[in-house]
Each structure stands twice: as structure tokens, then as C-alpha cells.
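Once you've had a glance at the structure underneath, I'll fire off some questions.
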Amino acid sequence: MQIYSFFNSSTSYRVRIALGLKGLPYDYEAVDIRAKQHREPGYVALNPNANVPLLRDDDFDLGQSLAIIDYLDATHPEPRLIPADARLRARVLELSYAVACDIHPVNNLRILKYLIKELGVTPEQKDAWYGHWIHEGLTTVEALLVRHGGKGAYCFGDAPTLADCCLVPQMFNALRNKCDMSSYPRAMQIYEHCVQQPAFKNAAPGAQPDFQA
């Protein structure tokens, strides 16, 4: 398999975690989204999403991180990241979507660039935008973890799931952007545990071959 990835992309980070948890080897193909390599015709021909990540598995190309992780679960089911039990599956997806659908889309790089370049907001206004949606989203995530997550080391018990694959990159980016995380102690506890585990360490932005300080 090949993964087309950008070191600092949270969606790529999710997939790298999933691949690591499943112990699946892959070739890393760097796509510098800051240099707009994801917009080049050759890449768009592979991935109409014109974004990262892209998984290539023989002749099968797939974009969108949640679809990729679901595919990996179907083709390499151990360890499962999306539980089979209907209620636990629903809880895992509820939290995963809270990150992937509610927080990430309004705070990713292309949105932040649009705010500055097209709408003319100041850097301070952009940071306020980012912090607002982080607070809105992580308040929900924290409530879900406290209400339904239990006392395990991960979001839902003692084994990582899709929820952890989504949570960790979002927490990493919030910390990188110097957000106040004091209101999310359970999420921070899970994050701090996860980033000590090999699959999460190896997936971190700083461990990638295209890392830029």
C-alpha cells in the first residue's frame, strides 16, 4: 500500500495512526499542500478530492480519511477500530464525527487561508475563529467522553478505536495553536496516554519523512 500524505495534515495523521495500529506496512508519498502539490493535475487524476490523504492499494485508490479507515477495517479486521457491537460502534462514530465533521472542516488549512486571503481577516481574527470552533467542538467531545467513554485508557475502553485516531490529531493541532485545553481534562488524559504508544508516536507529524520544523 501507499499513503499520499502531508506531515501536518490531521486527516493524514488519522490514517497513519490506523495503519500503525493494524501493523500494516506502506510506502509514504509526500504531498506538500503548502506548495499546492495536491492541486497538480497528476495528483487530482488519482484523487478527485484534491486533498490528502490518498490510499493506494494495488489498483484501488481511495480518498477521505474515514472511508480509508473503514476500508482498512474491512480488509484487515484485526484489531478492529470500528466496533462490531451496534451501540459501541454508534458511540465511536458519534465522537469521531464530532471531530471530523464539526471541528476539522471549519479549521483546516484551506479554510484559514481563505479567511485571510479572500475575506481579509487579520491574523488575530483568524486565531479567534480557530479558538472558537475548537472550544465549541471539544466541549462536545469532552462531554461525550465523560458520559459514555468509561475509565479506560482510550476513548472507549482499553483498546484504541477510530475515535482515538480522530481525537489525537485534533488535540495535537489545538495544542500547536496554543489553545487553552484546561476545560478538557478527560480528552487531555487520553491524548497524553495515546501519544506515548508506538503506533501514535510513529504517526506523529515530527516522525514523518516530509516533516518541516
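For this chain, numbers begin at 1 and follow the sequence in order.
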Shortest non-hydrogen contact from Val168 toward Tyr191: O-CE1, 3.6 Å
Test item: Tyr4 and Asp61 side chains (from C-beta on) under 4.5 Å apart, heavy atoms: no
May I ask you to test the Cys194-Ile17 pair for a side-chain heavy-atom distance under 4.5 Å? no
Between CG of Leu145 and CZ of Arg186, what distance do you get to the nearest 0.5 Å?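 It comes to 6.5 Å.
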Could you tell me the separation between the NZ atom of Lys151 and the CD atom of Gln189, rounded to the nearest 0.5 Å? 8.5 Å
Atom pair NE2 (His38) and OG (Ser9), whose distance is rounded to the nearest 0.5 Å: 10.0 Å
Value for CG (Leu112) from CG (Asp127), rounded to nearest 0.5 Å, stands at 8.5 Å
If I compare all heavy atoms of Asp210 with all of Phe6, which pair ends up nearest, and what's the gap?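 Minimum heavy-atom contact is OD2-CA, 3.6 Å.
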For Asn49 and Asn47, test the side chains for any donor-to-acceptor distance below 3.5 angstrom and give the result as yes or no.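 Looking only at side-chain atoms, Asn47 and Asn49 do form a donor-acceptor pair, the distance falling under 3.5 Å.
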With side-chain hydrogen bond (donor to acceptor under 3.5 Å, both in side chains) as the criterion, how do Asn173 and Tyr13 come out once you've worked through the C-alpha distance, each side chain's angles and the decisive distance to 0.1 Å? CA-CA 11 Å; Asn173 280 341; Tyr13 193 173; over 6 Å; no
If you take all heavy atoms of Leu144 and Ala98, which pair is closest and at what distance? CD1-CB, 4.5 Å
Without swapping roles, check the side chain of Ser65 against the backbone of Pro53 for a donor-acceptor pair under 3.5 Å. no
Taking the inter-plane angle between the rings of Trp129 and Trp133 on a 0 to 90° scale, is it parallel (under 30°), tilted (30 to 60°) or perpendicular (over 60°)?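 Rings of Trp129 and Trp133: perpendicular, as their planes differ by over 60°.
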Which atom pair, heavy atoms only, marks the closest approach of Asp164 to Pro160?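 Where Asp164 meets Pro160 most closely, the heavy atoms are OD2-CA, 3.4 Å.
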State whether the side chain of Asp32 and the backbone N or O of Gln37 hold a donor-acceptor pair below 3.5 Å, judged by distance alone. no
Find the distance between CG (Leu95) and OG1 (Thr140) and round it off to the nearest 0.5 Å.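 Interatomic distance, Leu95 CG to Thr140 OG1, rounded to 0.5 Å: 9.5 Å.
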Which heavy atom of Pro205 sits nearest to which heavy atom of Phe172, and what is that distance?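 Shortest heavy-atom separation between Pro205 and Phe172 comes out as CG-CE2, 3.6 Å.
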Please check if the side chain of Asp102 supplies one atom and the backbone of Gly137 the other of a donor-acceptor pair under 3.5 Å. no
Is there side-chain contact between Leu55 and Leu72, with heavy atoms separated by less than 4.5 Å?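 SC-SC contact between Leu55 and Leu72 confirmed.
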Between Phe7 and Phe211, how do the two ring planes meet: parallel, tilted or perpendicular, split at 30° and 60°?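 Geometry flag for Phe211 against Phe7: perpendicular rings.
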Answer yes or no: does atom NZ of Lys36 have more than 12 heavy-atom neighbours from other residues, nucleotides or ligands under 6.0 Å?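 No, not enclosed.
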Please tell me if the side chains of Tyr154 and Thr161 come closer than 4.5 Å, counting only heavy atoms from C-beta onward.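 No, every pair of side-chain atoms sits at 4.5 Å or beyond.
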Using a 4.5 Å cut-off on heavy atoms from C-beta on, say whether the side chain of Asp57 contacts that of Leu62. no
N/O donor-acceptor pair under 3.5 Å between Tyr43 side chain and Asn51 backbone: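 Flag set: sc Tyr43 to bb Asn51 pair under 3.5 Å.
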Report the C-alpha separation of Gln208 and Asn8 in whole Å, then their side-chain angles, then the decisive distance to 0.1 Å, and conclude whether the side chain to side chain contact (heavy atoms under 4.5 Å, CB included) test is met. CA-CA 9 Å; Gln208 306 316 303; Asn8 218 25; over 6 Å; no
Are Tyr71 and Phe60 close enough that their ring centres sit under 6.0 Å apart?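 So the answer is yes for these two rings.
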When you measure from the side chain of Asp158 to the backbone of Gly152, do you find a donor-acceptor pair of N or O atoms at a distance under 3.5 Å? no
May I ask you to test the Arg56-Glu29 pair for a side-chain heavy-atom distance under 4.5 Å? no
Considering all heavy atoms, the nearest Lys22-Pro77 contact: NZ-C, 4.0 Å
Would you find a donor on one side and an acceptor on the other, under 3.5 Å apart, between the side chain of Gln170 and the backbone of Ser10? no
Hey, does Glu40 have a side-chain heavy atom less than 4.5 Å from the side chain of Val31?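 Side-chain contact under 4.5 Å: no.
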Would you say the side chain of Ile111 lies within less than 4.5 Å of the side chain of Asn108, judging by non-hydrogen atoms?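 They are in contact (side-chain heavy atoms under 4.5 Å apart), so the answer is yes.
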